[in-house]
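Remarks on the structure that follows.
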Amino acid sequence: MDKAFSPAEIESRLYARWESLGAFKPNGVGPAYSIVIPPPNVTGTLHMGHAFQDTIMDALIRHRRMQGCDTLWQPGTDHAGIATQMVVERQLNAQGIGRIDLGRAAFIERVWQWKRQSGGIISNQMRRLGASVDWTRERFTMDTDLSNAVAEVFVRLFREGLIYRGKRLVNWDPVLKTALSDLEGVSEAEQGSLWHLRYPLADGSGYVVVATTRPETMLGDAAVAVHPQDERYRALIGRSVRLPLADREIPIIADDYADPKFGSGCVKITPAHDFNDYEVGGRNGLPMTNIMTPEAKLNDNVPPAYRGLDRAAARTKVVADLEALGLVDRIEAHELLVPRGDRSQAILEPLLTDQWFVKIAPLAAPAVQAVEQGRIRFVPENWSAVYFEWMRNIKDWCISRQLWWGHRIPAWYDEAGRVYVGKSEAEVRALHGLADGVALRRDEDVLDTWFSSALWPFSTQGWPEATREMSVYYPTSVLVTGFDIIFFWVARMIMMGLKFTGDVPFREVYVHGLIRDHDGQKMSKSKGNVIDPLDIVDGIGLDALLAKRTTGLMQPQMKPAIERATRKQFPQGIAAFGTDALRLAFASLATQSRDLRFDLARVEGCRNFCNKLWNAARYVMMNVGGAEFGLADRWIRSRLATALARAEEGFAAYRLDLVASALYDFTWHEFRDWYVELTKAVLQSDDASAAQKRGARMTLVGTLETLLRGLHPLAPFITEEIWQRARAAAGERGETIMLAPYPRAADLAADADAERQMAWVQQFILGVRQIRGEMDIAPSRKIDVVLQNAAAADLGYLAAHSKFLQRLAGIASLRVLEPGAPAPVSAAALLGTLEILVPMAGLIDPAAERERLEKRRRRAETDLQKLHAKSANADFARNAPPEVVAKDRARIAELQIEIGQLETQAARVRALLAE
RNA sequence: GGGUGCUUAGCUCAGCUGGAAGAGCGUCGCCUUUACACGGCGAAGGUCGGGGGUUCGAUCCCCUCAGCACCCA
């Protein structure tokens, strides 16, 4: 084995081997355990969030596979309608080609080309992360069979009346020129104005003042509303105003929507351009006059002077014209929420258009129940509150998009505009007896991408056919996802799954946090703080990193700031840490927090851990050429059982951070720091018997091999690589660690006696080391140790374990003082009543030792005082559990002895100093 | 306005049902001890955001205040 662990060499080799062994496929026996991957954008690339999520899923899958489950991790990608169409359209524009010029069929062909060209990138990146998905089952949301499932669902929902088409107010993106769902708009507070406008009363008896943030829409006003209880305006209800500029008469109505405390208390009602006004208009039977084109310019429903003006220009002109008429009462600064499209960043316009909707309430009710009844469990539990909150207020889902890339809506229209829905034109004709001569025109729109995503858990398993996969792997075991898509995806999968399969799509939803940068900022291209996970695996130089972060910026003016920040954070670029280190870092990050700050130092620590494991294995392999199991052997097995039990608990609770820390702590601080060092006292000793050496060797390799299996789900590569070398010595067979059994704590017994004895050994060694460390005694300098007040038990342990003490504490000689014999002036450590003395002569500065003793005594006295105060309270003895009281008493006794001994020692040192 | 979180060592975070405060990184000291300097040994560092309450006992439960973050309207 090489001196240092070098991940690059082993990773691709091992992954290829696993894949060729078919180790990723379900084995067909054992209980089913399945996870569907949240399908990434087919033309996208892997970001830190994917890498984190994939690590979690892979760890869960590998763990279950090793436990003998029939494990399926279903991979695939999403066609990502808007996102992908935008990318390809931008490419075309760069070549001076417009989408419309190209035509629908040719454009779609270009998208498919782009998909073929770039679609493999993310899959290959997942391979680098070690993701053990079954690649033979990879699916794409626009595959024929998945598209068929989409059509099937659409047709069935339509026939049940759960999909309808209608003219409704929707969020319209005037740049992309498509409708969006409520979820695809992001509202942010922006600084704007509140215009107070005077609307003259129709009878000429004065005016009312209305306050609005969007004066340009006044041309589409249908009414002015006041609150029915608002005394100021009660007399006006039922009268009308003369709408300026438009020169129309509109009524003054009473509606609760008008807020007496906001503005003037009068509010203009523009039903076709505001969601609240739409409701008011509906309640009051107002006309809905659309005054905008799909580009958000004013249309022919406004006076000629305003036609064709863009929203912003129209605002300027309307305000100017009103001012000229003396109808602007005042203008005040006002912060308002501006809704923008999450893709285009365009300000969304509420627009009346014909769209397709899913009637959601009948689907939501059972989906709420499934969580209430525990058929689906959120982890952590509190996310179900977020889910309920949204589901109880859910609105109908606008599913049509005016795009080309996606599942085209399976609806046809005849010349009279009658709509026919079916899986194909042929089916529609047959069903409705439409002769070939009747012209049918297919709906131009495609479905919201999330419509097909909602079917993912069953469309990937062959639904609507009754496949073997459906019966075995559905419902899936757990969905692993970020909280940001609970509404977009999780809720919709639950609704669709229940509706079409009669069962939940997954039994648990593990909601993890979102990866942020070191300062808690969201990682984004525009902020220039993204890290490509593979750059952590392979490393990247500073120049390449700078180039990556600063090319193709939407806002090129950010470039210097991004460069500066990058240079400061990564002066040397990023070193190659390897996949296992990255995965271990991700695992330890998988706490229950919702914001997870990514810290490269953590990866470095995990890389160091890999190297430590590697070198511990080197030591083990050097020593297995060839029983009697000694204390250390028994002890490490007992500790391994504890570590495995902790790991097991972590897996059960989706706490990979706890799994990681249990195994990390064991590996480094028990196996490495103690056991490996203890075996040196056996293996490198002429006194130890062949049987003892053999016991140590067997335990070394056995513990290592078990540990590797325990760590495999988190660090698949290094564990496989070492396992391949160690398995023969450990007597294990099998092609790959991937398919070896996951170790169970229950197979190893706790050994209380070994732990008790080892605790004595450890405390002895730590006592001596503390003196050495604080007195700056070089490790190479072996020291003499004298023991005073040794009890019978101490003498027994000493006889049995002195080899360990000498080796690990750097002791040259150990001498037990006869009772009453004079002790040399020494530095002292305490172990119960036993005093471990390191003679000072020529080695230790008495003043330093006095300091050290003082410090320890102060600490002991502080503890003692606290305990005394506690036990002095009569209620404590009365109310606290007896074992707690007893424990405190024992501790008090210990501390009293300790303080006494420390004082005696201090007196000796003082005497020496006084000489 | 409604909702959900968070505040623990210099930094990033654990701390399970209330019973002597932990890790990683960083810092300081000693050290080429033949698996590992991507290392070994030792050490320093916290009134667990403030205040109040419940309890024999609170980082943990309750109330309140402050600050931060996110979601919904």
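Model, not experiment: these values are computed from the prediction.
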Identify each donor-acceptor pair in which a side-chain atom of residues 517-524 of chain A lies under 3.5 Å from a protein atom, sequence neighbours left out, and give them as a table.
unit_1, atom_1, unit_2, atom_2, d
A:D517, OD1, A:D519, N, 2.8
A:D517, OD1, A:G520, N, 3.1
A:D517, OD1, A:Q521, N, 2.8
A:D517, OD2, A:N529, ND2, 3.0
A:S524, OG, A:S526, OG, 3.4
A:S524, OG, A:K527, N, 3.2

Which string of ( ) [ ] | and . matches RNA chain B, if you list each base 5' to 3' and count Watson-Crick or G-U pairs only when both distances are under 3.5 Å? (((((((..((((.....[..)))).(((((.......))))).....(((((..]....)))))))))))).
For A:T591, answer base if it contacts any base atom (sugar-phosphate contacts may also be present), sugar-phosphate if it contacts only those atoms, and nothing otherwise; contact means non-hydrogen atoms under 4.0 Å. sugar-phosphate
For A:F666, the ring-ring contact (aromatic ring centres under 6.0 Å, His included) test, sequence neighbours excluded, returns none
Please state whether the rings of A:F609 and A:Y664 are parallel, tilted or perpendicular, taking 30° and 60° as the class boundaries. parallel
Is the shortest side-chain N to carboxylate O distance from A:R858 to A:E861 below 4.0 Å? no
May I ask you to say what A:K680 touches in the nucleic acid, namely base, sugar-phosphate or nothing, with a heavy-atom cut-off under 4.0 Å? base
For A:R283, is the CZ atom crowded, meaning more than 12 foreign heavy atoms sit under 6.0 Å from it? yes
Could you tell me whether A:K887 and A:E883 make a salt bridge, using a distance below 4.0 angstrom between a side-chain N and a carboxylate O? no
Are A:R859 and A:E898 within salt-bridge range, i.e. N to O under 4.0 Å? no
If the condition is ring-ring contact (aromatic ring centres under 6.0 Å, His included), which residues does A:Y675 pass it with, not counting sequence neighbours? none
Please work out if A:E774 contacts a base, only the sugar-phosphate, or nothing of the nucleic acid, heavy-atom cut-off 4.0 Å. sugar-phosphate
Below 4.0 Å from chain A heavy atoms, what is the first contacting nucleotide of RNA chain B and what is the last? B:U4 to B:A73
Does anything in residues 592-602 of chain A reach RNA chain B, meaning a heavy atom under 4.0 Å, and if so which residues? A:S593, A:R594, A:D595, A:R597, A:A601
